[in-house]
Amino acid sequence: FARQLKHTRNIKIVTNAVNIAQELSSSPAEVIVTGGMLRLNTLAMIGPIAVATLAGLHVDKLFLATNGVDLKRGLTSPNVTEAQTKRAMLDSAAEVILVTDHSKFGRIALAQVCGLERIDCLITDAGAPIEFLQEIEKLRLKVKLAGDAGKDEWPARKKRTPPATGTAG
């Protein structure tokens, strides 16, 4: 996603991810890095310093990733401090766009980030279960599929009847 923004002018990007800041280091965009404690496995900066930075900012759009998406539990993270940092991101945003692949649906991690009602739009891949996406749309979330056919594919997919399940004897 950062590569798509790399050549955009007149944009300010706030990130808590070291790898995204590095990707954008040669960009004409203004890049603001939150600071904080570094999570080595994700290269995300989290904790009180990141939260304090985010509290003083307002962004038009937040593109948020997560470890788990569940219809009842919402968005979850395996790290309590990371969940807290993501809640600060949510508080600073006018519009929230969840970007996640199909493997996260139905998963619940340790700490809740937010309920699905806090999300405005979901961008996912074509592997997302159609039943899950239909439930998401009932919550009035916009759904978009990433990829070349993403724009046109979701309306066609949601009209199809899911295949029957069962066993043949």
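The analysis underlying the following values was restricted to heavy atoms, covering all of them including side chains, and did not include hydrogens, waters or symmetry mates.
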Residues 114-124 vs salt bridge (Lys or Arg N to Asp or Glu O under 4.0 Å), sequence neighbours excluded, gives none
Separation between OG1 (Thr15) and CD1 (Ile20), nearest 0.5 Å, reads 4.0 Å
Residue set satisfying side chain to side chain contact (heavy atoms under 4.5 Å, CB included) with Arg107, at least two apart, ordered chain then number -> none
Residue pairs meeting ring pair (Phe, Tyr, Trp, His ring centres under 6.0 Å), one or both in residues 82-114, sequence neighbours left out, come to Phe105-Phe132
Requested in this report: Give a yes or no on this: more than 12 heavy atoms of other residues, nucleotides or ligands lie within 6.0 Å of atom CG of Asn10.
Outcome: no
Connected to Val80, directly or through other members, by ILVMFWY side-chain contacts below 4.5 Å are Leu110
Residues 5-56 vs ring pair (Phe, Tyr, Trp, His ring centres under 6.0 Å), sequence neighbours excluded, gives none
So CD of Gln112 and OG1 of Thr76: to nearest 0.5 Å the spacing works out to 8.0 Å
In this structure, CG of Leu133 is separated from NZ of Lys144 (nearest 0.5 Å) by 14.0 Å
Ring pair (Phe, Tyr, Trp, His ring centres under 6.0 Å) pairs touching residues 11-31, sequence neighbours excluded, are none
Taking every heavy atom of Ile46 against every heavy atom of Asn16, the minimum-distance pair comes out as CG2-ND2, 4.3 Å
Close side-chain approach of Leu54 to Asp91, heavy-atom, < 4.5 Å: no
Pair up each side-chain donor or acceptor in residues 21-36 with any protein partner under 3.5 Å, not counting sequence neighbours, and list the distances.
from  : atom 1 : to    : atom 2 : distance (Å)
Glu23 : OE2    : Lys6  : NZ     : 3.4
Ser25 : OG     : Gln22 : O      : 2.8
Ser27 : OG     : Lys6  : O      : 2.8
Ser27 : OG     : Ala29 : N      : 2.9

Rounding to 0.5 Å, atoms CG (Leu98) and CG (Leu141) come to a distance of 8.5 Å
Rounding to 0.5 Å, atoms CG (Leu139) and CG (Leu116) come to a distance of 6.0 Å
Using the rule that Ile, Leu, Val, Met, Phe, Trp and Tyr join whenever any side-chain heavy atoms are under 4.5 Å apart, tell me whether Val59 and Ile119 fall into a single cluster.
yes
Closest non-hydrogen contact found for Ala44 with Glu82 is CB-OE2, 4.0 Å
For Leu5, the side chain to side chain contact (heavy atoms under 4.5 Å, CB included) test, sequence neighbours excluded, returns Phe1, Thr8, Ile11, Ile13
- Message: Grouping I, L, V, M, F, W and Y whenever their side-chain heavy atoms are under 4.5 Å apart, do Met37 and Leu40 come out in a common cluster?
- Response: no
Quick one: does any side-chain atom of Thr85 pair with a main-chain N or O of Gly47 as donor and acceptor, under 3.5 Å? yes
Review point. When hydrophobic residues are tied together by side-chain contacts of less than 4.5 Å, even through go-betweens, does Leu71 share a cluster with Ile108?
Key: no
- Query: Would you say Leu62 and Leu122 are hydrophobically clustered, going by side-chain heavy atoms of ILVMFWY under 4.5 Å?
  - Reply: yes
The complete set of ring pair (Phe, Tyr, Trp, His ring centres under 6.0 Å) pairs with one or both residues in residues 14-40, sequence neighbours excluded, reads none
For Ile49, I'd like to know if atom CD1 has over 12 heavy atoms of other residues, nucleotides or ligands within 6.0 Å. no
Residues at least two apart in sequence or cross-chain that pass salt bridge (Lys or Arg N to Asp or Glu O under 4.0 Å) with Asp101, listed by chain then number, are Lys104
CD1 of Ile97 to SG of Cys121, rounded to nearest 0.5 Å, is 5.5 Å
Minimal heavy-atom distance between Ala109 and Ser77, with the atoms involved, is CB-C, 3.3 Å
So side chain to side chain donor-acceptor pair (under 3.5 Å) across residues 51-73, not counting sequence neighbours, yields Lys61-Glu95
Item checked: Sub-4.5 Å side-chain heavy-atom contact between Val99 and Leu64 -> no
Arg87 meets the salt bridge (Lys or Arg N to Asp or Glu O under 4.0 Å) criterion, sequence neighbours left out, with none
Item to complete: State plainly whether one hydrophobic cluster holds both Leu75 and Leu90, where clusters connect Ile, Leu, Val, Met, Phe, Trp and Tyr through side-chain heavy atoms under 4.5 angstrom apart.
Response: yes
